[in-house]
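The block underneath contains the structure these notes are about, expressed in structure tokens.
Because the structure is a prediction, the values reported are computed rather than measured. Per chain, numbering begins at 1; letters A, B, ... match sequence-line order.
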2 protein chains.
Amino acid sequence: MEQKKDRRIRKTRAQLQNGLAKLMKTKSINEITVKELVDEVDINRSTFYLHYTDIYNLLEDIENRLMDEILRVIDSHKNVTDGGLLSIFTDIFTIIDANRDICSALIGEKGDMAFVQRMEDIIASHGVHDLMNQFMLPERPIHYMISFSMSGCIGMLKEWLSTENSEPPEYMANVAYNTVFHAFKAFYNGYAVCLC
Amino acid sequence: MEQKKDRRIRKTRAQLQNGLAKLMKTKSINEITVKELVDEVDINRSTFYLHYTDIYNLLEDIENRLMDEILRVIDSHKNVTDGGLLSIFTDIFTIIDANRDICSALIGEKGDMAFVQRMEDIIASHGVHDLMNQFMLPERPIHYMISFSMSGCIGMLKEWLSTENSEPPEYMANVAYNTVFHAFKAFYNGYAVCLC
DNA sequence: GCTAAAAATCAACAGTTTGTCTATAAATCG
DNA sequence: CGATTTATAGACAAACTGTTGATTTTTAGC
């Protein structure tokens, strides 16, 4: 889809994206001005407006790149029948590990809730069927269970990103998968006695 | 602690806080200017700077009010020995229900990650001991489990706030408590066979 | 390599918001 | 009531914004 375009375009946008990621490590997104960013990466301010409308539009572009990457890898083995959720988790943790800087900014203290929401939606829409097939669960309260699990995974992710030299992506994918799996299983078994 | 101060001060700050909550329903916090807010509530711009340094400082004040309210209720029955987590959940869901407008803004799509983090920390620091006592869990991976559960609760909260005429706070507290409880229990039972 | 096209730079512009300042009017509490 | 505190009003320089037009540089395709 995305044409490769002019080399200058690719270079400029990469500079701006990396520059924003760098600035976001020192201050929150709302404090970052266009002028400050273009000074940082030594690009003319007019050039910025040639590509983006404002800082948030640039951030959107960065998020889209990440999302595209994740979606592409997920799609690449969607025909795998079993272990769907585990392999999706592995993919996501791996990609995030490769983009640690920007991801810790996006998911951290001064992060972007909309991005987190998109992440949750992706996991939910691609991974939940896997669990639905294993447990026959009633429609109603399962909604809360899904929200719980997806946000829970983000929480693990957040914790993982906040520590240096942390566990490898594969380990994290395992922990996340097992936790969600057991949570669903417990929910399934305990549903009749504890809820409603 | 908080002196009641002058009536004018209370009135002005309340106006600004309500005005921001109202504006946050239509646009994200970063797009809201001081000028726009004072026009909305018909207060002189100089007056705003008499109380707050900027919009984010005002938001901080709002969050602090909420946090104080939650902490006060939690403290009020900390001497209760059992069912600690459940009663904390009930308190929190009740207070949030009473402040639905501002809470859905803070936790929603364009919300404030720092606020969410504070909420998770409160639940974790006040409610986790309750679970620790019931399950003897190893120190290490339990950290991820705690993050998972706390973020999971926020996820439920988010889902709950996003729907009109939703379940009563007591019901939600029950669902959240049971989900966390069973997740921990499953984690405890399955730990040896599934992780590490 | 040459050339037409595209992109980056530069300087300048009006418009807005910001934060601070003074002086003045109004409201509060004792 | 009267002293004190707070809100208002207007003005100010400073910074950032978003756009424009003219110019230079780089690119892709032949």
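With hydrogens and angles left out, the side-chain atoms of A:Glu31 and B:Tyr56 include no donor and acceptor closer than 3.5 Å. No hydrogens or angles considered: nothing links the side chains of A:Glu170 and A:Thr90 as a donor-acceptor pair under 3.5 Å. For the residue pair A:Arg100 and A:Ser166, a side-chain donor N or O sits within less than 3.5 Å of a side-chain acceptor on the partner. Defined by atom type and a distance below 3.5 Å, a donor-acceptor pair is missing between the side-chain atoms of A:Asn64 and A:Glu60.
What separates CZ of A:Phe48 from P of D:dT19 is a distance of 12 Å, to the nearest Å. A straight line from CG of B:Asp54 to P of C:dT18 spans 9 Å, rounded to a whole angstrom. Residue A:Arg7 contributes atom CZ, which lies 11 Å from atom P of D:dG29 at whole-angstrom precision.
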Original post:
How does each nucleotide of nucleotides 4-14 of chain D score, in 5' to 3' order, for protein heavy atoms under 4.0 Å: base (B), sugar-phosphate only (S), or none (-)?
Top reply: -BBSBBBB---
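Enclosure of atom NZ in B:Lys35 is not indicated, since only 12 or fewer non-hydrogen atoms of other residues, nucleotides or ligands lie within 6.0 angstrom.
The pair B:Arg45-B:Glu36 does not meet the salt-bridge criterion, since no charged nitrogen lies less than 4.0 angstrom from a carboxylate oxygen. B:Arg13 and B:Asp61 are not joined by a salt bridge, as no carboxylate oxygen comes within less than 4.0 angstrom of a charged side-chain nitrogen.
Mapping B:Ile55 and B:Lys11 onto DNA chain C by nearest heavy atom places B:Ile55 at the nucleotide closer to the 5' end.
Here the closest non-hydrogen pair linking B:Leu66 and B:Cys103 is CD1-SG, 3.7 Å. In terms of heavy-atom proximity, B:Ala21 sits nearest to B:Ile102 at CB-CD1, 3.8 Å.
Looking at B:Asp97, its side chain never comes within 3.5 Å of a backbone N or O of B:Phe93 through a donor-acceptor pair.
Contacts between residues 15-39 of chain A and DNA chain C, defined by a heavy-atom separation below 4.0 Å, involve no residue at all.
One end of the helix from C:dG1-D:dC30 to C:dA12-D:dT19 points its axis 30° away from the other end's axis, with each axis taken from 5 pairs and the angle rounded to 10°.
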